[in-house]
Amino acid sequence: MPSMKEMRTVKYYSGLLQFCQRSQKLAFSSYFGSMGCIMTMFQISVYVFMKELPKAYEPFKYEENIYKHWEESGFFNPDVCIEKGITDKDAESFSIVLPPPNVTGTLHIGHAVMLAIEDVMVRYHRMKGDKTLWVPGTDHAAIATQEKVERMLWNDEKKTRHDLGREVFLKRVEDFAQDSHDRIVNQAKRMGTSLDWSREYYSLDEDRNLAVRTAFNIMYDMGLIYRGDRIVNWDPKMQSNVSDIEVVRTEEKAPFYYFQYGPFVISTARPETKFGDKYVVMHPDDERYAKYKHGDTFECEWINGKVTATIIKDDSVDPAFGTGVMTITPWHDATDFFIAERHNLEKEQVIDFDGNLLPVAEEFAGMNILDARPKIVEKLKAKGLLVKVDEEYVHSIATNSRGGGLIEPQIMKQWWVDVKKKFTLEHSHIEGITDGQDVSLQELLQHVVNTKQIQILPDRFEKQYFNWVDNLLDWCLSRQIWYGHRVPAWYRGDDVYVGIDAPEGEGWTQDSDTLDTWFSAGMFSFSPFGGVEGKSEDQKNYHPTSVLETGYDILTFWVVRMILMTTCLRGEIPFKTVYLHGLVRDEQGRKMSKSLDNIIDPLDVSEKFGTDAVRLSLMVGSSPGNDSKLSEEKIGSYRNFANKLWNISRFILMNIENPVTDVKRPEAQTLSDAWILDELNLVIMHYHLYIKKYSFSQAAELLQNFTWNTLADWYLEIAKIEGNKSEILNFILNNLLKLWHPFIPFVTEAIWQSVYESAEMLMVQKMPLFDKEHFVEGANVQMHGFGLIRDIITNIRSLRSEKNIEPGKEVGIVIVCGEEQAMLDENAVLIRGLARVGSLTVTGDESAKPEQASTAVVGSITLHLDLAGAIDVDVEKTRLQKEIDHVSPYVMQLEKKLSNKEFVDNAPEAVIAVEKKKLNDATQKLTALQEQLAML
RNA sequence: GACCAUAUAGCUCAGAUGGUUAGAGCGCUACAUUGACAUUGUAGAGGUCCGUGGUUCGAAUCCACGUAUGGUCACCA
């Protein structure tokens, strides 16, 4: 590793350089001017030497080694941290189960966000001293993975899974899953994740399978899992039923046909389902059809001849839709199914499981429904039964979100979870639910969020949660795909055996169905720690987990299922907080997709800009639950930041004599020392507050602002002038690296290991704590004092810039002040150096003002930039007038406010005091400016 | 149709519990460049805080209505 170690050897030269600078009395950086001849020799040596050092941080040279080093240390595993005395064994626990990526391919930028946010939390808590565990895993994602492999199989070999058979096909899927897994793990490591790989799990491995079988068995015994004929979303293409959430609806324009059906006109977009229709349904209160009574029958001509139809009155019919009359197809429509259930009507299958018409369609039997549709319309038209066609009709069609198959509702025997049925919760660790209380799964779901035992962030997603949970329907568990956990049920004749193991004896066969992938996923808060019983040490230590961090798009898919399974099986909440992050979009706000070719691959950009830059760009500027936009430009700007931190460290390293890790707040020697120490302390205070409330973006921005705008732009420049900052710079660097580490682990660790060679690695150092002792509430005199110096310097620079004075040229300044005299004298060297002042006069005597000057006012202090005859009076007048025009409305506004009796009577005293001070300052400034103008 | 969110500088976004002359980064303009750092520095320009009402001594912030954009759910015979 080319490292900053070597830079230590430069220190000798830089020390000499500093000495010489100081000996010149007017300390200034070489930017501002020439050094004496004496300096040249040293300068050259330093320069030449540094040429050989890495001036820029090059992430790719460090990242891999650093990760390896972390991994080999074992510190990702909390047991090792305890064993080595880094973490106290009685410390508080902090645990996260990584939402396991699907083994469908590679990690995308959305995973990178998740990994970055969770790693920040985990590293922060580990450094805070908590017993911290972050468990990795991958998910078999049954439907998604099988669909992907089937697609590949068809594209490459023109074969279906049935051509291979269950066993061979599953082997293919497993090989594919293994490849994906390996790639995913590598990618996660590249992102710097401090996951405990020794505890890694797979959602379909032995232990998880046992958990699934046990859970199914328990819930069956409780009567919560049942087998029944219900209408399901059948995908003829995939040959499986899928759940409601896996179905996507898209709007489509389709011809809408009106047909004569006996005395009624009925309408449909799907004439092919109408063969078996023999019920006409209308609203009971519909006046138009009052003469028809519920249960009346009539005979009429229909597609394939005469049918007898029965009249049904049901208030689910909307009289305003179409003609207010409809026929029903209970086997292929959910609404119709429930009407038929209510009135105990016959149901008949019309379409088979491949999407072809059954014999009931007679001459159309065997035809695909889409081919048959126009032919059926043609036939009805020929019979004079077609009344009209609405070509502008828009309805939504249902497709399978995986694979895009057109959904055909079918009635099938499937396994279900009854979410409304009361059961007895034997052992409850849930507040407000007692042991042995009767509850339903739906009630549990409502209860734990209502009582805030589980907090959802941002809280507006609670609305969405309840919207879903309050309208919860039974959960269809079984799928007819092959990849996944098998339904642990066995049959013999009509007997059903549900148990963990296959029963003894002849004639039993296992259900060939598999389970919804979310059934196993619903147990991920505890199944990675062992079985359903919850007896392992890990379960005792780390469950419920602290946080579930995931994207808001799977709130209903996964979060709800986890709460359901965990409260039911364990009588516990799965996690205390749900933190939902937003989606990452491209710079135009579009979703990233292959077809738009706007995908940002986390590995590509990590290689290009460094992992730290990628992580920061995903954290900063994004808030919980809100989508964020990402561009390479943005990542580039954080690459710049990492480099800035690197160079700040380079500089500091050259200026500290003895890098020590055991740091206490050093004594301040100067005003600026006191100021920077107080600033740092404030930063630490806010940093912890922000992380506590999950405002990671704000925490990072705070650090960035301190690092760049406070430390680099001001204090390091001051250090060059005041010198002798070894102890204080060591203290700042030490703290800064620790604070930054959770966000940008690689660059901070690289710097740390170069600076503090013999110390334990940064990832297990103790996080700096807010120093209450040195915090002065409200008016911090020292900070205020330095603020004045800073304002004076900025104002002088501003005057220089306005007067177009070359940056290198020294200027004469007269400062007229009052009680600040002593402080200004003390810090005159800073004003000289940082504002490039040659002759500086600090006085209480107003007449010391130069003949011709440009003037600025800072508080009660007046600055005069000596223009030594070069003043353009008109320009100066304009400038002062502009400044007066800016300040006087402000003064008036404040005067008005303070003379308003209602304000003075009602506003809190502190607010009034602040306003008074503002007015006082502004009035002083205005007066001074007016005086200066008058004198010109 | 129900519910939710968002609207602040050219762009991306910060702005707990009402009290700022409304902030940052990028971009833009001018100037600088042997420096720890051009992956840089200094100084600037740039805003009707979506609109209209209201509450209040005081509103970017709270309330109502409206407009635009996005999302979740439901319906679609």
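Numbers restart at 1 for each chain; the letters A, B, ... are given by sequence-line order, proteins then strands.
- Side chain of Asp713(A), nearest nucleotide from U42(B), A14(B), U20(B): U42(B).
- As rounded to the nearest Å, A32(B) and G71(B) have C1' atoms that lie 49 Å from one another.
- Side-chain atoms of Lys720(A) lie closest to A36(B) of the nucleotides C57(B), A36(B), U21(B).
- Side chain Gln698(A) to base A16(B): no donor-acceptor pair is found below 3.5 Å.
- The distance from atom NZ of Lys634(A) to atom P of A14(B) is 10 Å, rounded to the nearest whole Å.
- Considering only side-chain atoms of Phe903(A), the nucleotide from C73(B), C37(B), G19(B) that sits closest is G19(B).
- Atoms CG (Leu711(A)) and P (G41(B)) sit 13 Å apart, rounded to a whole Å.
- One atom, CD of Gln893(A), and another, P of G19(B), lie 15 Å apart when rounded to the nearest Å.
- Residue contacts for Lys901(A): at a heavy-atom cut-off of 4.0 Å it reaches no nucleic acid atom on any strand shown.
- Between Lys897(A) and G58(B) there is no side-chain N or O to OP1 or OP2 distance below 4.0 Å.
- For the pair Glu902(A) CD and G58(B) P, the computed distance is 7 Å after rounding to whole Å.
- For Thr794(A), the side-chain atoms get nearest to A43(B) when compared with the rest of G19(B), A43(B), C73(B).
- Gln704(A) has its CD atom 7 Å from the C1' atom of G25(B), to the nearest Å.
- Note: Asp314(A) CG to His343(A) NE2 = 3.5 Å, rounded to the nearest 0.5 Å.
- Summary of the strand contacts: Ser798(A) and Asp333(A) both lie near RNA chain B, and taking for each the nucleotide with the nearest heavy atom, the more 5' one is attributed to Ser798(A).
- The base of C37(B) lies close enough to the side chain of Lys644(A) for a donor and an acceptor atom to sit less than 3.5 Å apart.
- Straight-line distance between the P atoms of G23(B) and G44(B): roughly 14 Å, to the nearest whole Å.
- Atom CZ of Arg460(A) is separated from atom P of C3(B) by 17 Å (rounded to the nearest Å).
- Close to A30(B), at under 4.0 Å from its OP1 or OP2, lies no side-chain N or O of Ser801(A).
- Atom P of C3(B) sits at a distance of 33 Å from the matching atom of C57(B), rounded to the whole Å.
- Atom CG in Asn709(A) sits about 12 Å away from atom P in U40(B), given to the nearest Å.
- Taking the P atom of each, C11(B) and C28(B) are spaced 15 Å apart, rounded to whole Å.
- Atoms CG and OG, from Leu473(A) and Ser243(A) in turn, are 11.0 Å apart once rounded to the nearest 0.5 Å.
- Between Asn900(A) atom CG and G19(B) atom P the separation is 17 Å, expressed in whole Å.
- Candidate nucleotides A36(B), U40(B), U39(B) were compared by shortest atom distance to the side chain of Met654(A), and A36(B) ranks first.
- Counting only heavy atoms from C-beta on, Asn647(A) has its side chain closest to A36(B) among A14(B), A43(B), A36(B).
- Not one N or O on the side chain of Arg650(A) forms a donor-acceptor pair closer than 3.5 Å with the backbone of Leu645(A).
- The P atoms of U29(B) and G10(B) are separated by 16 Å, rounded to the nearest whole Å.
- A sub-4.0 Å separation between OP1 or OP2 of A43(B) and a side-chain N or O of Arg800(A) is absent.
- With U40(B), G25(B), A14(B) as the candidates, the nucleotide lying closest to the side chain of Asn626(A) is A14(B).
- Between A22(B) and A14(B), the two C1' atoms lie 11 Å apart (nearest whole Å).
- If you check every strand for non-hydrogen atoms under 4.0 Å, Tyr279(A) touches nothing.
- Formation of a donor-acceptor pair under 3.5 Å by the Asn730(A) side chain with backbone atoms of Ile656(A) is not found in this model.
- Residues Asn626(A) and Ser623(A) bring a donor and an acceptor atom of their side chains to less than 3.5 Å of each other.
- Val914(A) comes within 4.0 angstrom of no nucleic acid atom, judged by non-hydrogen atoms across all strands.
- Between the side chains of Thr327(A) and Lys274(A), a donor-acceptor pair is found at a separation under 3.5 Å.
- Residue Ile245(A) is the one, among Thr268(A) and Ile245(A), whose nearest nucleotide of RNA chain B lies closer to the 5' end (criterion: closest heavy atom).
- Between Lys55(A) and the phosphate of C37(B), there is a side-chain N or O to OP1/OP2 separation shorter than 4.0 Å.
- Contact of Lys463(A) with A5(B) (side chain to base): no donor-acceptor pair of N or O atoms is detected under 3.5 Å.
- Under the 6.0 Å distance and 45° angle rule, Arg270(A) does not count as a cation-pi partner of Trp331(A).
- Out of U20(B), C31(B), A36(B), the shortest distance to the side chain of Pro807(A) is found at C31(B).
- For the C1' atoms, the distance linking G47(B) with G1(B) amounts to 38 Å, nearest Å.
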* What's the verdict on side chain to side chain donor-acceptor pair (under 3.5 Å) for Arg879(A) and Ser854(A), showing C-alpha distance, side-chain angles and the deciding distance? -> CA-CA 9 Å; Arg879(A) 198 184 63 78; Ser854(A) 189; 3.1 Å; yes
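- For Arg639(A), whose side chain is taken as the heavy atoms from C-beta onward, the closest listed nucleotide among U39(B), C57(B), C26(B) is U39(B).
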